[in-house]
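Working notes, beginning with the structure itself.
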Amino acid sequence: MKILLIKEVKELGIKYDIVEVKPGYAKNFLFPKKLAILFTDSLKKKYFNILNKNIKNEKKLINKFNKEIIKIKKLNWVFYKTASKSGVLDKTLSKTDIFNIFLEKKININIDQIHVNTTIINKIGQYKFEVKFSKKIFKTINLIIITKPKK
């Protein structure tokens with residue numbers, strides 16, 4: 001059975017994908033949860049119009065995101081912090097602190113776009129986080145925290 005996904009379904013596809021599934025899966029799971037609709041001949045024309053609009057919108061978004069990514073690449077992600085001899089920071093670094101750096105540098109992102117592997121950064125070391133602009137467009141950033149040199 002050919003269906004059109006209206007929302008992303010893990011292991012199956014993303015919004016607007018046309019996929020072949022077993023009828024029972026579609027009728028018992030996808031249709032009731034409003035994740036997909038039956039892909040009929042009458043939908044084909046509408047589908048291609050929707051797809052073309054999405055492609056145009058995605059191109060606009062990609063241009064906008066690329067400008068922000070260029071700004072992000074220019075940032076220095078090395079921070080000097082005071083820490084104990086064991087490497088524990090005196091003051092932790094959180095997702096909000098990272099977001100505030102973006103705000104200071106006038107980089108137009110939302111705090112929800114920042115994905116850090118840990119809730120707080122509390123030790124000297126190297127960390128990775130991502131800024132997700134869309135499902136397909138993201139920038140991975142290496143954040144390095146080193147001990148502040150003593151004066």
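In what follows, residues are counted from 1 in the order of the sequence shown.
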Point-to-point distance, once rounded to the nearest 0.5 Å, from CG of N122 to CG of L89:
6.5 Å

Just grab all the side chain to side chain donor-acceptor pair (under 3.5 Å) pairs involving residues 90-101, residues at least two apart or on different chains.
T82-D90, S94-D97

Can a donor-acceptor pair be found, under 3.5 Å and without considering hydrogens, that links the side chain of E68 to the backbone of N108?
yes

Check whether I37 and L5 end up in the same hydrophobic cluster, where Ile, Leu, Val, Met, Phe, Trp and Tyr are linked by side-chain heavy atoms less than 4.5 Å apart.
no

In terms of hydrophobic clustering (I, L, V, M, F, W, Y; side-chain heavy atoms under 4.5 Å; direct or indirect links), are I145 and I72 co-clustered?
yes

For L143 and F79, what are the C-alpha separation, side-chain angles and deciding distance, and is it a side-chain contact (heavy atoms from CB on, under 4.5 Å)?
CA-CA 8 Å; L143 170 74; F79 295 93; 2.9 Å; yes

The test is side-chain contact (heavy atoms from CB on, under 4.5 Å); show your working for N142 and Q126 and say whether it passes.
CA-CA 7 Å; N142 287 317; Q126 186 171 343; 3.7 Å; yes

Rounded to the nearest 0.5 Å, how far apart are CD1 of I107 and CD1 of I70?
11.5 Å

Drop me the distance from I146's CD1 to K81's NZ, to the nearest 0.5 angstrom.
12.0 Å

Set of residues satisfying salt bridge (Lys or Arg N to Asp or Glu O under 4.0 Å) with respect to K105, sequence neighbours excluded
none

Go through the structure and list residues passing side chain to side chain contact (heavy atoms under 4.5 Å, CB included) with S42, not counting sequence neighbours.
T40

Do L4 and V9 share a hydrophobic cluster (ILVMFWY, side-chain heavy atoms under 4.5 Å, transitive)?
no

Does G24 offer a backbone N or O that forms a donor-acceptor pair with the side chain of N28 under 3.5 Å?
yes

May I ask you to list the residues sharing a hydrophobic cluster with V88, side-chain cutoff 4.5 Å, ordered by chain and number?
none

Scan residues 91-121 for pairs that pass ring-ring contact (aromatic ring centres under 6.0 Å, His included), counting only residues two or more places apart or in two chains.
W77-F102

Return the minimal non-hydrogen interatomic distance between A36 and I3, and the atom names on each side.
CB-CD1, 3.7 Å

Approximate separation, where rounding is to 0.5 Å, of L35 CG and I6 CD1
7.5 Å

By side chain to side chain contact (heavy atoms under 4.5 Å, CB included) - contacts of K67 (at least two apart)
none

What residue pairs, at least two apart or across chains, pass salt bridge (Lys or Arg N to Asp or Glu O under 4.0 Å) with a residue in residues 120-133?
E130-K132

Kindly write out the residues that satisfy side chain to side chain contact (heavy atoms under 4.5 Å, CB included) with K73, not counting sequence neighbours, or none if the list is empty.
I69, K139

Tell me, please, which residues at least two apart from D112 pass side chain to side chain contact (heavy atoms under 4.5 Å, CB included).
N110

With sequence neighbours left out, what residues match K27 under salt bridge (Lys or Arg N to Asp or Glu O under 4.0 Å)?
none

What do the steps show when you test L30 against L12 for side-chain contact (heavy atoms from CB on, under 4.5 Å), and what is the final call?
CA-CA 11 Å; L30 297 171; L12 191 58; 4.0 Å; yes

Shared ILVMFWY cluster between V116 and I101, side chains joined below 4.5 angstrom?
yes

Verdict with supporting geometry, K2 and E20, side-chain contact (heavy atoms from CB on, under 4.5 Å):
CA-CA 5 Å; K2 234 180 212 181; E20 192 75 36; 3.6 Å; yes

Listing request: all ring-ring contact (aromatic ring centres under 6.0 Å, His included) pairs with a residue in residues 23-43, at least two apart in sequence or in separate chains.
Y25-F29, F39-Y47

Over all heavy atoms of both residues, which pair between A26 and P32 is shortest? Give the atoms and the distance, please.
O-CD, 3.9 Å

Can you tell me how far NZ of K7 sits from CG of D17, rounded to the nearest 0.5 angstrom?
15.5 Å

With a 4.5 Å cut-off on side-chain heavy-atom distances among I, L, V, M, F, W and Y, is there a chain of contacts connecting L75 to I141?
yes

Heavy atoms, side chains only, cut-off 4.5 Å: are F129 and I98 in contact?
yes

